[in-house]
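For reference, the structure I am asking about is given below.
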Amino acid sequence: MRTTFPQYKVQFERNVSYFGISHTVKKEIDISIVSGKDRFAVELKYPTNGQYPEQLYSFVKDIKFMEQLKEQGFSKTFTMVLVKDRPFYEGKDNSGIYDYFRGSKVVQGRIYKPTGQLKNSDFIDVAGVHRIDWRLLDDRRRYFIVEI
């Protein structure tokens, strides 16, 4: 991309402080792209070690992070998730955190951490309304992209 679009500065794992931003749910942007006044941010996830409820919560955290960057002046932000394990997008339990990714609930409002000691007191408030639309990549993998 750097040779194809030399007007864009592409950086990986860029701390938010570089952009004069603080107080976000995460500190580093996976991919930042800057050209003049235009700033773009991308968060990527490819979980491979199970931990389904925890990973689903981290997807929510990425969405919130992208909302925060957009509120602080980024032109567009994206959360991109690729999975190979079926429990991320379907299963018998469609309650709690699973309903946002397996069921009909949109990612919006207060979403509680599904595990751990702080289960009922740790949460993320998502400002926007984000529908998770799993798409087939191939016979084993699915992905979704949330643009903010």
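What you are looking at is a predicted structure, and each value in this text was computed from that prediction instead of being measured.
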* Side-chain (R14) to main-chain (I33) donor-acceptor, under 3.5 angstrom ->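 No; judged by distance alone, with no hydrogens or angles, the pair does not exist.
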
* To do: Kindly indicate whether the side chain of Y98, heavy atoms from C-beta on, has any atom under 4.5 Å from the side chain of P114.
  =>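 Y98 does not reach P114 side chain to side chain.
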
* Parallel, tilted or perpendicular: which describes the rings of F74 and F19, with under 30° parallel and over 60° perpendicular? ->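 Perpendicular, since the angle between the ring planes exceeds 60°.
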
* **Expected output: side-chain E43 to main-chain F65 donor-acceptor under 3.5 Å** =>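 Pair absent, no side-chain N/O of E43 close to backbone of F65.
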
* Joint hydrophobic cluster, V34 plus F12, side-chain heavy atoms closer than 4.5 Å ->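 Different clusters.
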
* Asked: In the single-linkage hydrophobic clustering (I, L, V, M, F, W, Y; side-chain heavy atoms under 4.5 Å), do V25 and Y112 co-cluster?
  ->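 Shared cluster, no.
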
* Hey, are the side chains of M66 and L69 touching, using non-hydrogen atoms and a 4.5 Å cut-off? ->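 The answer is yes, as the side chains (C-beta and beyond) meet within the 4.5 Å cut-off.
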
* Asked: Taking side chain as C-beta onward, heavy atoms only, is Y18 less than 4.5 Å from Q11?
  ->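 In short, these two side chains touch, coming nearer than 4.5 Å.
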
* Hey, does K84 have a side-chain heavy atom less than 4.5 Å from the side chain of Y46? ->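 Sidechains of K84 and Y46: in contact.
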
* I31 versus F78: any side-chain heavy-atom pair under 4.5 Å? ->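 Heavy-atom side-chain distance check fails, nothing below 4.5 Å.
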
* Give a yes or no on whether the ring-centroid distance for Y89 and F101 is below 6.0 angstrom. =>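 Between Y89 and F101, the centre distance exceeds or equals 6.0 Å.
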
* To do: Check the pair D85 / Y52 against side-chain contact (heavy atoms from CB on, under 4.5 Å), numbers first and verdict last.
  => CA-CA 9 Å; D85 296 341; Y52 305 111; 3.2 Å; yes

* Quick one: list whatever passes ring-ring contact (aromatic ring centres under 6.0 Å, His included) with F40, sequence neighbours left out. =>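 With neighbours one apart ignored, the set is empty.
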
* Does P87 reach the side chain of R102, with side-chain heavy atoms less than 4.5 Å apart? ->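 Side chain of P87 against side chain of R102, heavy atoms only: contact under 4.5 Å found.
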
* Would you check if F59 and I132 make a side-chain contact, meaning some heavy-atom pair closer than 4.5 Å? =>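 A side-chain contact is absent here, since even the closest heavy-atom pair is not under 4.5 Å.
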
* **Joint cluster assignment, W134 & Y57, ILVMFWY side-chain distance < 4.5 Å** =>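 Yes; Y57 is reachable from W134 via cluster members.
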
Enumerate, atom names and distances included, each donor-acceptor pair closer than 3.5 Å involving a side-chain atom of residues 141-148, sequence neighbours excluded.
residue : atom : partner : partner atom : Å
R141    : NE   : D138    : OD2          : 3.0
R141    : NH2  : D138    : OD2          : 2.6
E147    : OE2  : K76     : NZ           : 3.3

* Hey, any chance I63 and L82 share a hydrophobic cluster, counting ILVMFWY side chains that come within less than 4.5 Å of each other, even indirectly? ->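 Per the 4.5 Å side-chain linkage, I63 and L82 are not co-clustered.
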
* Asked: Under 3.5 Å, side chain of K64 to main-chain N/O of D125, donor-acceptor pair present?
  ->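 Answer holds: yes.
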
* hydrophobic_cluster_shared for V81 and I111, side chain cutoff 4.5 Å ->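 They do share one cluster, since a chain of ILVMFWY contacts under 4.5 Å joins I111 to V81.
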
* Ignoring hydrogens and geometry, is there a side-chain-to-backbone donor-acceptor pair from D30 to L44 under 3.5 Å? ->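 Yes; judged by distance alone, with no hydrogens or angles, the pair exists.
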
